[in-house]
Each structure stands twice: as structure tokens, then as C-alpha cells.
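Okay, structure first, notes after.
What you are looking at is a predicted structure, and each value in this text was computed from that prediction instead of being measured. In what follows, every chain begins at residue 1, and chains take the letters A, B, ... in the order their sequences are listed.
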2 protein chains.
Amino acid sequence: MALKIRKNQSPPPPRGCPLSHCMEILKGAWTPNVIWCLAAGSRRFSELRHDIPAVSAKVLTVRLRDLEKKGVVARAVRPTSPPSVEYSLTDLGAELLPAIRAIVEVSHKLKMRNNEACLGRKAAVEAAE
Amino acid sequence: MALKIRKNQSPPPPRGCPLSHCMEILKGAWTPNVIWCLAAGSRRFSELRHDIPAVSAKVLTVRLRDLEKKGVVARAVRPTSPPSVEYSLTDLGAELLPAIRAIVEVSHKLKMRNNEACLGRKAAVEAAE
DNA sequence: CTGCATCCATAAAGATACTG
DNA sequence: CAGTATCTTTATGGATGCAG
């Protein structure tokens with residue numbers, strides 16, 4: 001029912017707030033991964049599925065459509081006998097790469113630092129022998 | 001029940017795939033916003049709520065705890081009569097800013113480009129007069 | 001091969017009320 | 001002020017089956 005009354009607020013669904021307004025491009029859980037795989041060049045649908053084994057066809061399709069609609073990736077259909085579709089990053093999509101790389105880098109540092117507690121203790125024990 | 005049988009797969013919950021392994025730091029929908037607000041300096045809990053009106057106290061708390069655990073933000077309690085808690089970015093957290101800025105920038109370009117279709121058409125019509 | 005539709009499970013976020 | 005607890009809604013993702 002379209003006119004269902006909701007006791008909670010948010011008469012209009014969250015405008016531009018959730019997913020702040022920034023980050024909308026990287027919304028899906030697999031989006032960064034897809035962009036990352038496309039960074040090296042064009043990939044076919046099945047190649048992407050091979051690159052990211054854990055993603056389902058549905059989600060990959062949805063994310064690809066999303067990114068296409070936003071102008072981040074380009075979709076090129078090859079009219080071959082077995083259908084073939086090539087996905088690639090647009091120029092704007094490529095601009096996302098440094099950002100993703102930066103986040104991955106900091107993420108990595110954070111993990112290393114978080115592991116220092118355990119690793120450091122273990123190393124100290126071994127060094128004490 | 002812990003041993004409930006699930007007809008679907010995923011016996012082990014998704015390991016490091018969803019949210020690829022990168023982007024874990026920016027997981028929550030409000031996380032980028034919180035980091036952004038903290039970029040200018042320390043903020044109290046209620047100040048953050050004021051900065052981001054649409055976020056609920058619960059979510060803000062959860063995100064703040066998450067970021068604190070990851071070493072992105074620091075939490076300082078002031079033993080004043082009305083309790084006061086200051087949140088601020090750690091050095092590693094500050095390293096996230098350029099990345100977020102880059103994503104926001106591309107996001108903005110994307111939106112401008114997506115609006116060009118409508119705006120451009122309107123401008124063309126007006127220019128033709 | 002590529003992709004869509006349907007159904008189900010889970011996680012994140014919002015509302016609200018309550019505590020130190 | 002700064003949370004915490006509980007409940008509900010929504011969004012995202014996975015499985016499966018089907019179609020061009």
C-alpha cells in the first residue's frame with residue numbers, strides 16, 4: 001500500500017543524509033572491489049565473476065547497473081554469437097582509484113597497528129628466550 | 001537456536017569479502033560524515049548530533065565506538081559535573097581525510113555531469129530563442 | 001553467456017524510552 | 001549530557017530458476 005501511515009517520522013525517505021551525500025558512488029558492499037578489478041582494463045561479466053568469486057550474479061549485475069547509471073563504468077555489448085559484454089571504467093570512474101587506494105592504505109595501516117598488540121607481545125616473549 | 005540448519009549456503013559467514021577488506025573503516029552509513037565533522041577539531045557528543053541532525057543517538061554512539069576501536073577517533077572524558085566527552089581524529093584517522101575528500105570530489109563531478117542532460121537541454125532551448 | 005525475477009536472511013539504521 | 005536498551009523498518013546481499 002502506497003499510502004500506509006507510519007508512526008515513525010521520516011515522511012520522506014532519507015533525503016541526502018544516509019550515505020551522507022558523499023560515498024553514494026561506493027554504496028554497495030562489492031562496489032570498491034568491482035572498480036578495483038576494472039582498474040586494470042576492460043573485463044567481461046564472467047571475468048568479473050571469476051575475479052570476485054564470492055559475489056553472486058545478481059549483486060554483480062545490480063552494482064554494475066548502478067555504476068553505469070552513475071557514469072562510473074561503461075558497458076559495451078559485443079554482438080557475438082555467445083553474447084559478450086565488456087565493462088570498463090570511465091574517465092570519471094578512474095578518478096576514484098586514487099581515493100580507493102588511499103582508503104585501502106590507511107585501512108592496512110590500521111590493521112597493522114591493531115595487530116601490534118598481539119604480535120608485539122608474542123615477539124617479546126620469543127625475544128626473551 | 002545456534003545450530004539452525006540453513007538451506008542456503010554460506011556455512012561460514014562472509015569472511016573478508018563483503019566490504020571487500022578495504023572500506024571496512026568507512027562501513028557505517030554515517031561514518032564518513034562523522035569523520036568529516038571531526039576534521040575541523042574536537043567535538044562533543046551533542047555537538048556532533050547538532051552537526052548531523054538526521055543521525056540518531058544510537059547510531060552515532062555505535063559508529064563512534066566502532067571508529068574508536070579501530071583507532072580512527074579518540075575519546076576523552078571530562079570529569080565535569082555535567083558529563084562531557086570530546087571526540088577527535090587520531091593521526092591515522094586524519095589520513096582518511098584526503099581519501100574522503102577525493103571521493104566527495106568525484107561524486108560531485110558525477111552529479112554535475114548527470115545534471116548536464118537536463119540543464120544542458122534547458123539551456124539549449126533558451127539559447128535557441 | 002549475460003542477466004532478470006523471486007524469495008529469504010541478515011545487518012544497519014531509526015524511534016522511543018530509560019539510566020547515571 | 002551522554003549514552004543504553006528494545007523494537008521495527010529498510011536495504012543489501014545470497015540462492016535459485018528462468019530467459020534472450
NZ/NE/NH1/NH2 to OD/OE distance under 4.0 Å, Arg65(A) and Glu68(A): yes
Would you call Glu24(B) and Lys70(B) a salt bridge, taking side-chain N to carboxylate O under 4.0 Å as the test?
no
Could you check how far [atom1] of [X] sits from [atom2] of [N], rounded to whole Å?
X        : N       : atom1 : atom2 : value
Lys27(B) : dT12(D) : NZ    : P     : 16 Å
Glu86(A) : dG3(C)  : CD    : P     : 11 Å
Asn33(A) : dG13(D) : CG    : P     : 12 Å
Arg43(B) : dC1(D)  : CZ    : C1'   : 15 Å
Leu60(A) : dA5(C)  : CG    : C1'   : 17 Å
Glu47(A) : dT2(C)  : CD    : P     : 8 Å
Leu67(B) : dA12(C) : CG    : C1'   : 15 Å
Glu24(A) : dA11(D) : CD    : C1'   : 14 Å

Of the options [options], whose atoms approach the side-chain atoms of [X] most closely?
X        : options                  : result
Thr61(B) : dG14(D), dC1(C), dG3(D)  : dG3(D)
Arg63(B) : dG14(C), dA12(C), dC1(D) : dA12(C)
Ser56(A) : dG14(D), dG3(C), dG14(C) : dG14(D)
Ser46(A) : dC1(C), dG3(C), dA2(D)   : dC1(C)
Phe45(B) : dG13(D), dT2(C), dG3(D)  : dG3(D)

Partner of Arg43(A) under side-chain contact (heavy atoms from CB on, under 4.5 Å), picked from Val73(A), Leu38(A), Val34(A), Leu89(A), is Leu38(A)
Q. Does Lys111(A) reach the side chain of Ser107(A), with side-chain heavy atoms less than 4.5 Å apart?
A. yes
- Message: Does any part of the side chain of Val72(A), heavy atoms only, come nearer than 4.5 Å to the side chain of Asp66(A), both counted from C-beta?
- Response: no
Within the pair [X] and [N], is there a side-chain N or O less than 4.0 Å away from OP1 or OP2?
X        : N       : value
Tyr87(A) : dC1(C)  : no
Trp30(B) : dG14(C) : yes
Arg44(A) : dC1(C)  : no
Arg75(B) : dG3(D)  : yes

By the 4.0 Å heavy-atom rule, please label [X] as base, sugar-phosphate, or nothing.
X        : answer
Ser84(B) : sugar-phosphate
Arg65(A) : sugar-phosphate
Arg49(B) : nothing
Arg78(A) : nothing

**hbond_proxy Lys58(B) side chain to dA5(D) base (donor-acceptor, 3.5 Å cutoff)** = no
Run Lys27(B) and Arg63(B) through side chain to side chain contact (heavy atoms under 4.5 Å, CB included) and show every step you take. CA-CA 9 Å; Lys27(B) 196 178 52 168; Arg63(B) 296 279 74 102; 4.0 Å; yes
By nearest-heavy-atom nucleotide on DNA chain D, the more 5' of Pro83(A) and Val55(A) is Val55(A)
